[in-house]
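As structure tokens, the structure follows; a few thoughts come after it.
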Amino acid sequence: MNSTTEKRIALISVHGDPAIEIGKEEAGGQNVYVRQVGEALALLGWQVDMFSRKVSADQETIVQHSRNCRTIRLTAGPVEFIPRDNGFMYLQEFVEQLREFQRENGIIYPLVHSNYWLSSWVGMQLKSIQDSKLVHTYHSLGAVKYKAIAKDNIPLVASQRLAVEKQVLETAERIVATSPQEKNHMRSLVSSKGQVDIIPCGTDIRRFGSVERTAARADLGIDPEAKLVLYVGRFDPRKGIETLVRAVRESKLHGSQKVQLMIGGGSTPGNSDGRERDRIEQLVNELGMNEFTSFPGRLSQEVLPTYYAAADVCVVPSHYEPFGLVAIEAMASGTPVVASDVGGLQFTVVNEKTGLLVPPKDVAAFRNAIDRILSNPQWRDELGRAGRKQVINKFSWDGVAQQLDELYTQLLEQPVKEQPVKEPALLS
Ligand code: UDP
């Protein structure tokens with residue numbers, strides 16, 4: 001590339017707004033990832049526009065994050081929250097609004113990085129209409145998700161999603177898998193065609209890891225003697241919080257130690273995360289765990305480093321996890337992780353070195369793993385130090401952004417076919 005103005009990219013995240021509060025319904029890893037990628041790329045000289053769907057009239061249309069990085073909210077469908085499984089019908093309008101934005105601003109994005117299958121449909125339209133190069137990150141694969149849930153819970157949009165996920169794998173210039181496990185799933189469950197690179201998610205190693213355990217506990221008013229087990233994440237049955245609650249109930253350390261459980265994450269009453277939180281609170285109540293269990297609610301990215309630092313162990317009990325940012329955030333903070341032996345967690349958590357991997361949904365295995373770490377502070381610290389080292393070596397944002405920068409640059413340097421602007425294909 002000859003000039004910096006050519007380093008222009010649109011990040012598409014139709015349902016995962018990079019500018020909103022993280023940790024509530026349908027706002028988790030994807031929002032964090034897009035925002036972090038956007039800001040890191042801007043520091044590397046890219047002009048970054050991140051497109052999302054406006055879900056409330058109070059939201060600003062354009063949020064400027066830094067000089068070269070902004071979120072642009074397009075109006076597509078009703079200006080209200082729509083669960084992602086119902087979002088497909090508004091994509092055509094999203095594409096039209098994005099093209100309108102391009103026309104008004106004299107921009108044609110040469111490169112588009114889409115996130116989640118809904119956005120991949122938008123990306124494929126832009127590729128077909130204006131020859132934008134397309135990079136895609138799945139964040140979750142329908143083929144994996146639908147295998148893990150009961151038939152009755154499979155949404156109507158499932159067949160559409162599976163078809164779009166196959167099409168984007170076979171047609172995008174590049175797919176970014178965030179772990180080798182995710183790439184294997186693409187190959188075994190979706191298609192053998194298409195180009196896949198593995199570039200992990202990253203985290204901020206300066207923010208996470210900046211607080212000491214004693215100071216963090218003093219800050220949060222947590223007993224210095226307590227054995228603190230922490231969960232951070234959305235309230236979603238897939239996250240396996242029930243397994244964690246039951247495991248902590250069965251800990252053999254009650255009596256001799258002050259075991260505490262903290263379940264951090266936001267929720268909205270009446271929405272699906274609100275229902276899951278009610279269910280978990282009820283379980284805590286039924287199991288007689290109220291005295292040593294707390295729900296601090298949504299934790300902002302600013303306070304999270306203190307929570308991770310205060311914990312003796314962070315537990316990620318997901319039934320499935322494509323990557324799992326929480327695990328690397330905890331490790332960057334020097335806190336060992338007990339995680340389900342699934343998906344991206346197998347890539348980030350090194351069993352017996354930075355934490356422990358155990359079979360998902362296995363209450364006894366989680367209880368055993370948590371107790372092993374809580375009862376041996378010296379080993380806890382060793383695991384914590386190794387975890388931080390692992391994140392610094394493999395999952396720091398600086399390194400991850402560099403890899404994306406190289407991929408994008410390489411794609412933009414490939415010759416562009418000279419073609420007239422085409423009209424979009426209709427929804428099929
Ligand atoms: N998160 C947060 N506040 C909360 C709960 C979660 O900021 O109260 C963030 C968390 O720090 C992580 C993201 O949400 O960056 C969750 O990402 P992960 O990949 O673990 O799970 P996902 O939400 O994608 O399923």
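Note that ligands are numbered from 1 as they come in the structure, with each ligand's atoms numbered from 1 the same way.
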At a 4.0 Å threshold, what atoms of ligand 1 neighbour a non-hydrogen atom of [X]?
X    : value
G233 : 5 (C), 6 (C)
L299 : 2 (C), 3 (N), 4 (C), 7 (O), 8 (O)
R238 : 25 (O)
R234 : 22 (P), 23 (O), 25 (O)
E329 : 10 (C), 11 (O), 12 (C), 15 (O)
G324 : 19 (O), 20 (O)
G265 : 8 (O)
K239 : 21 (O), 22 (P), 25 (O)

*Of the options H319, E276, E242, which is the one that meets P237 in a side-chain contact (heavy atoms from CB on, under 4.5 Å)?*
E276

Any non-hydrogen side-chain atom of [X] less than 4.5 Å from a side-chain atom of [Y]?
X    : Y    : value
H185 : Y320 : yes
L230 : V313 : no
V176 : Y138 : no

Structural part of [X] in contact with ligand 1, heavy atom criterion under 4.0 angstrom:
X    : result
Q36  : neither
V316 : neither
V32  : side chain

Would you check the N or O atoms of [X], main chain and side chain alike, for any that come under 3.5 Å of an N or O of ligand 1?
X    : value
V232 : no
L325 : yes
R298 : no
L304 : no
S300 : no
G29  : yes

*asked:* Does D273 form a salt bridge (charged side-chain N to carboxylate O under 4.0 Å, His left out) with K239? I'd like the steps, not just the answer.
replied: CA-CA 11 Å; D273 58 357; K239 291 289 185 180; over 6 Å; no

*Identify which one of T75, D17, T61 satisfies the side chain to side chain donor-acceptor pair (under 3.5 Å) criterion when paired with K54.*
T61

*asked:* If we check side chain to side chain donor-acceptor pair (under 3.5 Å) with E173, which of these qualifies: K127, K133, Q410, H136?
replied: K127

*Is the shortest distance from a heavy atom of H139 to ligand 1 less than 4.0 Å?*
no

*Give a yes-or-no answer on whether the side chains of N115 and Y33 include a donor-acceptor pair shorter than 3.5 Å.*
no

*Do Q167 and T171 have side-chain N/O donor and acceptor atoms under 3.5 Å apart?*
no

*Is the ring centre of F323 less than 6.0 Å from the ring centre of H139?*
no

*Would you call the rings of W117 and F88 parallel, tilted or perpendicular if under 30° counts as parallel and over 60° as perpendicular?*
parallel

